[in-house]
J.: 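Got a structure for you, questions after.
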Protein chains: 2
Amino acid sequence: MYVIDFTKIKVSCENCSLHELCLPRGLEKNELEKLDSIVNRTQPLHKGDVLFRSGDTFTNIYAVRTGCIKLTTSTEQGEEQIIGFYLPGEIIGLDGIEKDIHSCTAEALDTSSLCAIPFDNMTTVCTQVPSLNHEMFRVMGREISHENQLLLTITKKHAEGRIATFLLSLSGRFKQLGYSETEFRLAMSRSEVGNYLGLTFETVSRSMSKLQKQGLISINQKYITIEDMDSLHHICNEKDLPSKESKTAP
Amino acid sequence: MYVIDFTKIKVSCENCSLHELCLPRGLEKNELEKLDSIVNRTQPLHKGDVLFRSGDTFTNIYAVRTGCIKLTTSTEQGEEQIIGFYLPGEIIGLDGIEKDIHSCTAEALDTSSLCAIPFDNMTTVCTQVPSLNHEMFRVMGREISHENQLLLTITKKHAEGRIATFLLSLSGRFKQLGYSETEFRLAMSRSEVGNYLGLTFETVSRSMSKLQKQGLISINQKYITIEDMDSLHHICNEKDLPSKESKTAP
DNA sequence: CCTGGATTTTGATCCAGATCAATTATTAAA
DNA sequence: TTTAATAATTGATCTGGATCAAAATCCAGG
């Protein structure tokens, strides 16, 4: 366990270890500098702090630098639905682009630092730097794919499969960040996992216990160890829900 | 019932009745002309025709001009999940932007005509026409919002609420298109509605019958008449699923 | 007009996960 | 350290919608 003091790190897009996650296809040095010039590094948020709320005027998109942010929408009755958990290198705030008003609320699950990028400035830079513009399209495309994936998970998988899929998604993202892909801490509560996956927290707890009994994971409070990655993958893909569409001709 | 012969209509973005749906904030005349210059009007698709398949190389995005297109993703086992039904004025193909490969399959549910817009050319024009670029961001933002909405519907509403929400969504979009908001034809089967909403076709059929018995809608095969818009709205919003998060302090 | 397959409706059961409930950790405040 | 509030686990029921089944309706092709 070592701790990084982020306040001491010289931050700029160019030397940011995350820029290949923020901007998967990369940019030239001078392009990065242009982007860098409009980025604001904000004060860190603490657990529970809200970055923006549904209904707020949209001005910035944000890149998560450290920590974990949850995004939620809600029904007219105020029922919350978690849309995603965002880790370093991931971008939030795109929900405000359509109507210049945020439709989601962003809340820190851990102490988190972010880069704020004023969207208007960003689009201006985009017109000068076509590759950045294309990157922005890709970032938005990624968001769409993520939601497609979530939809698929929720409608087609049983509780255990949803949990397994969720854990593997986190695992893969931690790996990308250079952390362990087999041991990590869940920044979110069981109840938040449940909300995200369309389950109750009891079902989340039970499913996780079951995975542990099967020897696929170990649970120590918020800490998860993946003991059998292959079997976990197997559970994700087996055990589908409904289907019906037996279109396969005779 | 009157029929429009679309082959006789002079088509261009400028005089297209849909351009304020395609491009909600509008563009100047000369900007529209630039866009128009790269748009290809394709041969109409017939029911069952596939426009692109998951895995295909991404080259175009498409604006639906007439008809109805369904977009699907699938699990590794080939289980289909319908992501959306797209009506005139709506844009499909954005799923290919992230990886230059389509992650969805697009299939016509009716005879449908489309405008194909080569994405590379589009982005080039975008760098010259910032307002078009912004429009593109908005279009992608709209897609993200649509999926958020769907997620909310599926995780928070019971069968009847999902159906009611679905019917009202169609109703609203038909209205926007200048058609009746109370009488319309479902281009999709019960089974497709079910797939989209995370229900079986039996449950779709039963829920629709129930709404009919309550006098909220009338069903005549594929044709739906909304008899009581208010009550239908009410059903959408009442009757939420789980929740738990009783965060409301005492 | 008839015929066979597909779609839809409706009924009867079943079950995964919700709901209700009680117990144990864990964390925060006093 | 005690006390209270919150989160997590586990057990016991209940239920909405899935599954199984059968009949009715629709429709394309011959």
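Chain A is the first sequence line, chain B the second, and so forth, proteins listed ahead of strands; every chain is numbered from 1.
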J.: Starting from P on dT15(D), measure out to CD on Glu160(B) and report it in whole angstrom.
T.: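 One finds 17 Å between P of dT15(D) and CD of Glu160(B), rounded.
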J.: Kindly indicate, with the supporting measurements, whether the criterion side chain to side chain donor-acceptor pair (under 3.5 Å) is fulfilled by Ser207(A) and Glu160(A).
T.: CA-CA 5 Å; Ser207(A) 301; Glu160(A) 257 180 271; 6.0 Å; no
J.: Base, sugar-phosphate, or nothing: which does Gly194(B) touch, judged by heavy atoms less than 4.0 Å apart?
T.: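 No contact at all - Gly194(B) keeps every heavy atom at 4.0 Å or more from the nucleic acid.
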J.: Can you confirm whether the side chains of Glu98(A) and Ser145(B) place a donor and an acceptor under 3.5 Å from each other?
T.: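 Present: a donor and an acceptor within the cut-off.
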J.: Cys236(B) versus Leu168(B): any side-chain heavy-atom pair under 4.5 Å?
T.: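 Cys236(B) vs Leu168(B): side chains touch.
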J.: If you measure only the distance, is there a donor-acceptor pair under 3.5 Å linking the side chains of Thr155(A) and Gln81(B)?
T.: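 Result is yes, a qualifying pair exists.
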J.: Take atom CD of Glu202(A) and atom C1' of dC14(D), then tell me their distance rounded to the nearest Å.
T.: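 For the pair Glu202(A) CD and dC14(D) C1', the rounded distance is 14 Å.
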J.: Would you mind reading off the distance between Lys156(B) atom NZ and dA18(C) atom P, rounded to a whole angstrom?
T.: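 It works out to 11 Å between those atoms.
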J.: Parallel, tilted or perpendicular: which describes the rings of Phe52(B) and Tyr62(B), with under 30° parallel and over 60° perpendicular?
T.: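 Ring orientation of Phe52(B) relative to Tyr62(B): parallel.
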J.: Over how many whole Å does the gap from Arg190(A) atom CZ to dT27(C) atom P extend?
T.: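 The answer, rounded to whole Å, is 12 Å.
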J.: When you check the gap from the basic side-chain N to the acidic O, do Glu90(B) and Arg173(B) get nearer than 4.0 Å?
T.: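 Result for this pair is yes, salt bridge flagged.
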J.: So for the helix from dC1(C)-dG30(D) to dA30(C)-dT1(D), with five pairs setting each end axis, what is the inter-axis angle to 10°?
T.: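 That helix gives 50° between its end axes.
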J.: Establish, with yes or no, whether the OP1 or OP2 oxygen of dT10(D) is under 4.0 angstrom from a side-chain nitrogen or oxygen of Ser209(A).
T.: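 True: Ser209(A) side-chain N/O within range (under 4.0 Å) of dT10(D) OP1/OP2.
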J.: Looking at the side chain of Ser205(A), which of dT9(D), dA21(D), dG17(C) is the nearest nucleotide?
T.: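 Nearest listed nucleotide: dT9(D).
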J.: Side chain of Ala159(B), heavy atoms from C-beta onward: which of dG17(D), dT8(C), dT9(D) has the nearest atom to it?
T.: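 Nearest listed nucleotide: dG17(D).
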J.: Starting at atom CG of Leu199(B), determine the distance to atom P of dT8(C), rounded to an integer number of angstrom.
T.: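 Spelled out: CG on Leu199(B) to P on dT8(C) is 15 Å.
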J.: From dT9(C), dT10(C), dT10(D), pick the nucleotide closest to the side chain of Arg206(B)?
T.: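 Of all the options, the side chain of Arg206(B) is nearest to dT10(C).
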J.: Going by distance alone, is a donor N or O of one side chain under 3.5 Å from an acceptor N or O of the other, for Lys157(A) and Thr165(A)?
T.: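 Note: Lys157(A) and Thr165(A) side chains meet the donor-acceptor criterion.
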J.: Can you tell me the distance, in whole Å, between the CZ atom of Phe201(B) and the C1' atom of dC20(D)?
T.: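 About 11 Å, once rounded to whole Å.
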J.: Nearest whole Å is fine: how far is dA8(D) P from Met208(A) CE?
T.: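 In whole Å, dA8(D) P and Met208(A) CE are 9 Å from each other.
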J.: Which whole-number value in Å describes the distance from Leu197(A) CG to dG17(C) P?
T.: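 The distance from CG of Leu197(A) to P of dG17(C) comes to 12 Å, rounded to the nearest Å.
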J.: Within less than 4.0 Å of OP1 or OP2 of dA18(C), is there a side-chain N or O belonging to Thr203(A)?
T.: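 Checking dA18(C) against Thr203(A), a side-chain N or O does come within under 4.0 Å of OP1 or OP2.
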J.: Grab the N/O contacts between the protein and nucleotides 25-28 of chain D below 3.5 Å, and write none if there aren't any.
T.:
| from | atom 1 | to | atom 2 | distance (Å) |
| --- | --- | --- | --- | --- |
| dC26(D) | OP1 | Gln221(B) | OE1 | 3.3 |
| dC27(D) | OP1 | Gln221(B) | NE2 | 3.3 |

J.: Would you kindly say whether His102(A) and Asp56(A) are connected by a side-chain donor-acceptor distance under 3.5 Å?
T.: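 Looking only at side-chain atoms, Asp56(A) and His102(A) do not form any donor-acceptor pair under 3.5 Å.
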J.: If every non-hydrogen atom of Phe174(A) is compared with every non-hydrogen atom of Ser180(A), which pair is closest and at what distance?
T.: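 Reported closest heavy-atom pair: CB-O, 3.6 Å.
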J.: Would you say dG17(C) has OP1 or OP2 under 4.0 Å from some side-chain N or O of Thr200(A)?
T.: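 Answer is no, no contact under 4.0 Å.
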J.: Specify the closest pair of heavy atoms between Thr66(B) and Pro88(B), including all atoms of both residues, with the distance to one decimal.
T.: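 Closest pair (atom of Thr66(B), atom of Pro88(B), distance): CA-CG, 3.8 Å.
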